[in-house]
Every structure is written in structure tokens, then in C-alpha cells.
2 protein chains.
Amino acid sequence: MTNIKKDNTEEKILSAAQNVFVRKGMDGARMQEIADEAGINKALLHYYFRSKQQLFEAIFKSVFGKIMPNIMLMATSEKSIEEKLGAFIENYIDILMKNPFLPTFILKEIHRDPEFLAGMIKESGLQPELIISMFKQEMDNGNIRKMDPRDLIINILSLSIFPIAAKPLMSVVFFDTDQKSYNKFIEKRKVTVKEFVLHSILIK
Amino acid sequence: MTNIKKDNTEEKILSAAQNVFVRKGMDGARMQEIADEAGINKALLHYYFRSKQQLFEAIFKSVFGKIMPNIMLMATSEKSIEEKLGAFIENYIDILMKNPFLPTFILKEIHRDPEFLAGMIKESGLQPELIISMFKQEMDNGNIRKMDPRDLIINILSLSIFPIAAKPLMSVVFFDTDQKSYNKFIEKRKVTVKEFVLHSILIK
DNA sequence: GTCTATAAAGAGATAGAC
DNA sequence: GTCTATCTCTTTATAGAC
């Protein structure tokens, strides 16, 4: 029989820890801040997760595990290549817009601890070969022009992720720090990026 | 008359600080590590730069100031639009390959302290309008197809920067952590990205 | 200018009461 | 399970000798 109090608290901790870690990163995050945001004290954090490191790993795995499967969806759907790519780009940019700190958080942490990342990817059962072979298939069938599938994947991710990762810079340089026009611009990019990518894979 | 010892030491500090800050970021960097790398002790760091914050700001300004003018080169050259873009992409990817921690460092720090960034950009005299109006001119002249110049700029930067920023992830997922094949791939991308971008701005 | 020694504050982690 | 109080170690920063 599950203890209601425990579950509530653990959820509150995880939620608060995700907020703080994703914004500040492992190095910048403070256990005190997480405790405050969860409405509890530091001691209780250590009761649920022995150390900051363990709490961080729980958060990183959770966040990483939510973002990655989206990418794999490109491989498994039954739709046409145009539809698959379109749906992915639209959906992915949407997720990132709602979590604008996520891209830079992941970039930060994979630089800080690449070995942890490597181990996690192995555990995760992520299979990039599936996407690669899907694209190869489409090329062999003459549906899209021949190119290195890795370039295609990386182009899609670059165009979708970078403008969110660089939000503070773009916001100042192009939008005079006005959030609304930045958001409108990114919203439009769902279409722009889609067209841009589809245009690039057409058989000439 | 300049004191040789002082200049040498200050240079050693700046060089060491750049190495450490760019890799670890403000939050992850330690004054002790910078001192060690410079071959001096912590007290001397504080003698030259009163605080960690001041040392960090000196480094960030310097690094940011070296990277940004490159982008402005797109606006000022007299060559054709194809040549300008080609030269920029090749040169920019080259710089980033030699400084693979730079993109993530800048992304990290602009999230940590966006106001410092905003102030710096104002001081820097960076003029994005110049690039934008250059692209508008090319569109009006019918040299490239009409689009939002900001999208074009962001696409170029995304395709050039993101694959370096995500190096640890790409390295594991696509290259089994083999640095050589990763580097070879990025080297090839100088051409790939150039073609990709040029293809996208052609009049259809 | 450069060093050693140390102050002062910060931050993760634990002890023990309730 | 949750809290207060505290320990311990780290880290920035300064004092003062040379």
C-alpha cells in the first residue's frame, strides 16, 4: 500500500528539482533552492535522494528519456516521408517552445559529463540505425535525393533546436527582448523549417 | 614603460582563465584550477582581477568579441552573395572546430545572465540591421528568393553551430566516440552546409 | 608582484528530536 | 516522514610578509 504523503513529496521534489536543474544546470543549482521550490527543507531532499548527484541523475535521465523517443518517432511511423518529417518538426519545435531551457541544459550537461551520457545512451536502447536505415530506404526507393542520412538528421535537429537554445541572444539581437515577437517568429518557423527541409530532399 | 613580468602574468592568467571558463562555465570553474593552469596562486588572480566575476567578464567579452565580428563579415564584403555565404560558412565552421567548447559556453552563459549579455551587445556596436539589409538588397535585386532575412541568418548559424555544440552527443550516437570520424564528418559539412544553404536561396 | 596563511561565507550532507 | 541544528569541506577573497 503506497504512502500518499511520500508520493506527494517525492513528486514535489522531482518537479522542483527539474525546474531548478534545467534552468541552472548541475553546477549552478543549489539544494536550498530546490528545497524552497518544493516547499520543504534540505534534509528531506537527502532523505529521498541521498545526494545532489543522485537527484541530478534522476532528473537528467527523466528529461533525456522524454526528449529522445520523439526523435525515434521519425523511424517508426507508417506515413510518407514528407508527412513524417513535417509532423516531427512541428511537434518537436512545439515541445521545445514549452521548455526553452531544455536544449541548453542538455548541451551543458553532456559537456560536463560525457561518460555519464555515453552510459545512458547505451542503457536507453536508443537506436539511431533505425532512423538512418529508414532514410536509406527512402533514398533507394527514389523518394528523396541521395545524401548522408546523418547530415539530414543533423540538419533537421539543428534548425529546430538551435533557435531555441540561442533564445536569449536572438531575443536581444532580433526582437529587442520582446518575448511575444520572438515566440511568434519561432511559431512561424514550424512552417519555414518544414519547407526548408523538404525542399532540400526533393529530387531535382 | 611597461613591466614585463606584469604583462606576462596577466597574459598567462587570461589564457588560463579562458581555457577553464570556456570548458567549465562560470559556475563550474574554480579559481584554484585557473591559478594552477596559469602556474601561479589564487592570491595573484585576485591581485590582477579583483573577483571571479570580473575575471569572468573579461574572458566573456574577449571571447564574444572575437566570435561576433566574423558574423558581421557577411555584410561588409564586396563579393557575390554566393561567395560571401560560402566563405563565411567555411571559415566559421573552421573556427568552431578549433574551439569546440565555445558554442556551448556562450549558450550557457547567455542563459545564466541575459542582462549582462544585453548590455554587452549594446556596447559592442554589433549591427544586425546591416546584415539584414544586405540580404534584403539581394532579394530586391532578384539574386536570391524572397524570405525573412532573419530566418536565413538563423538557418546558417544553426547548421554551422549546432553540430559542434552537440559534439559529445553526436560523437556517441553516430561515431562510437571516435574523434577522427567525427572531425572528418564536420570537415565535410563545410561543403554540405554551403550547398544546403545556397540551394535554399536559389530562385526557383 | 608574488607568496603563505587565514578569514568568511557557502553548500552538501548528517544527527537526532518529534 | 519531516523538521531544526550542526558538521565538514569547499571556495572565494583578503591580510600581511617578502
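Chain identifiers are assigned alphabetically (A, B, ...) following the order of the sequence lines, protein sequences preceding nucleic acid strands; residue numbering begins at 1 within each chain.
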At less than 4.0 Å, is any side-chain N or O atom of [X] found next to OP1 or OP2 of [N]? Yes or no.
X     : N      : answer
A/Y47 : D/dC3  : no
A/H46 : C/dA13 : yes
B/R30 : D/dT10 : no
B/S51 : D/dT12 : no
B/N41 : C/dC3  : yes

(request) Measure from the side chain of A/I40, starting at C-beta and using heavy atoms only, and say which of D/dC3, C/dT4, D/dT2 lies closest. (result) D/dC3
(message) Can you tell me which nucleotide in D/dC3, C/dT2, C/dA13 comes closest to the side chain of A/L44?
(response)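 Looking only at heavy atoms from C-beta outward on A/L44, the closest nucleotide is D/dC3.
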Quick one: [X] [atom1] to [N] [atom2], roughly how many Å, whole number?
X     : N      : atom1 : atom2 : value
A/F56 : C/dA13 : CZ    : C1'   : 19 Å
B/K52 : C/dA8  : NZ    : P     : 21 Å
A/M31 : D/dT8  : CE    : P     : 20 Å
B/I34 : D/dT10 : CD1   : C1'   : 16 Å

(message) Both conditions, 6.0 Å and 45 degrees, for the charged tip of B/R112 above the ring of B/F56: are they met here?
(response) yes
(request) Keeping the roles fixed (side chain from A/S181, backbone from A/D178), state whether a donor-acceptor pair exists under 3.5 Å. (result)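 Yes, the answer is positive, given that a donor and an acceptor are paired below the 3.5 Å cut-off.
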